[in-house]
**Q** 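Supplied in structure tokens, the structure appears directly below.
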Number of protein chains: 2
Amino acid sequence: MESESSYKTRKVISIGTVSELTGLSERQIRYYEERKLIFPERSERGSRKYSFSDVETLIDIANKREEGVRTEEIRSELKRKKTKDDQASRSKMIQGQLNAQFGIRKK
Amino acid sequence: MESESSYKTRKVISIGTVSELTGLSERQIRYYEERKLIFPERSERGSRKYSFSDVETLIDIANKREEGVRTEEIRSELKRKKTKDDQASRSKMIQGQLNAQFGIRKK
DNA sequence: CGTGTAAGGAATTCTGACACG
DNA sequence: CGTGTAAGGAATTCTGACACG
């Protein structure tokens, strides 16, 4: 089963554009990576590439930071969220496999 | 009613990444713009920005070109497709407005 | 801790042009 | 017509560091 790699999660946006999209400085964006809040990929030449999903996460981070929340705390909140999302995703995938094996019953 | 500006149509990808994604040279990508096959936006500093939708169009163009279709011909085909898409989009929008005014009946 | 900045280098992007055909 | 390439300049991105605190 092919993983989606959708428009939302495909990492293709460079840091300058992410900066425009989020209002954050490039320094801030790189720092949040250092603190493990986001995980850009690297292009062949080594420049950071972000997804729309990363941009949304960064906007969340910016809001939390404005409230004075420390990066370490934001990190653990994000981890919780990621775990949930992963569970939802796994659940959907299993459901897909069941449908494939036994056919779709639900109308 | 706010226009979508979704992940698919938001122009945020720079030409180097588009080149990787499509297998086309930057020269080719700029030339197809010159011939009015694609319409990137420009960032504040003047660099071209493409959407995932543009990337898909470019892949279509690459396939047509391999078959030997001239850019002029591809241009008119794309225009036809765009007209259809616009009509579908308008139709959906009107449906949305109707639903908003009279409520959604269809189950 | 979180962010700004100057520093130097490497890679990117841009335009207009010449080339081939 | 469609694409390659060399050219020169401007803007981008990277890393490691110093600064403030």
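We name chains A, B, ... by the order of the sequence lines, and we start the count at 1 in each one.
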**Q** If each of B/Arg45 and B/Ser25 is mapped to the nucleotide of DNA chain D with the nearest heavy atom, which maps nearer the 5' terminus, i.e. the 5' end?
**A** B/Ser25

**Q** For B/Ser14 and C/dT13, is the shortest distance between a side-chain N/O and OP1 or OP2 below 4.0 Å?
**A** yes

**Q** Between B/Arg48 and B/Glu41, is the side chain to side chain contact (heavy atoms under 4.5 Å, CB included) condition met? List the steps.
**A** CA-CA 6 Å; B/Arg48 274 167 266 249; B/Glu41 290 178 359; over 6 Å; no

**Q** Applying the salt bridge (Lys or Arg N to Asp or Glu O under 4.0 Å) test to A/Glu20, which of B/Arg10, B/Lys49, B/Arg45 qualifies?
**A** B/Arg45

**Q** Between A/Tyr31 and C/dG2, is there a contact of a side-chain N or O with OP1 or OP2 at under 4.0 Å?
**A** yes

**Q** Please, which pairs that meet ring-ring contact (aromatic ring centres under 6.0 Å, His included) have at least one residue in residues 43-100 of chain B, sequence neighbours excluded?
**A** A/Tyr7-B/Phe52

**Q** Which stems, defined as runs of 3 or more consecutive Watson-Crick or G-U wobble pairs with both pairing distances under 3.5 Å, involve DNA chain C?
**A** C:2-5 with D:17-20, C:17-20 with D:2-5

**Q** Got a sec? Which of residues 46-78 of chain A come in under 4.0 Å of DNA chain D, heavy atoms?
**A** A/Gly46, A/Ser47, A/Arg48

**Q** Measure from CD1 on A/Ile13 to P on D/dT13 and round the result to the nearest Å.
**A** 12 Å

**Q** Given atom NZ of B/Lys36 and atom C1' of D/dG2, what is their separation to the nearest angstrom?
**A** 17 Å

**Q** Rounded to whole Å, how long is the line connecting atom CD of A/Glu26 with atom C1' of D/dG16?
**A** 16 Å

**Q** Atom CD of A/Glu33 to atom P of D/dG16: distance rounded to whole Å?
**A** 12 Å

**Q** Would one find a side-chain N or O of B/Tyr32 under 4.0 angstrom from OP1 or OP2 of D/dG2?
**A** no

**Q** Measure from CD1 on A/Ile38 to P on C/dG2 and round the result to the nearest Å.
**A** 14 Å

**Q** NA contact type, B/Arg27, heavy-atom cut-off 4.0 Å: base, sugar-phosphate, or nothing?
**A** base

**Q** Using whole Å, what does the distance between atom P of nucleotide D/dA17 and atom CD of A/Glu34 come to?
**A** 12 Å

**Q** In whole angstrom, what separates B/Ile29's CD1 from D/dG4's P?
**A** 11 Å

**Q** Would you say D/dT15 has OP1 or OP2 under 4.0 Å from some side-chain N or O of A/Arg42?
**A** yes

**Q** For the pair made of CZ in A/Arg30 and P in C/dT5, what is the distance, rounded to whole Å?
**A** 13 Å

**Q** By nearest heavy atom, map A/Gln28 and A/Ser43 onto DNA chain C; which one lands nearer the 5' end?
**A** A/Gln28

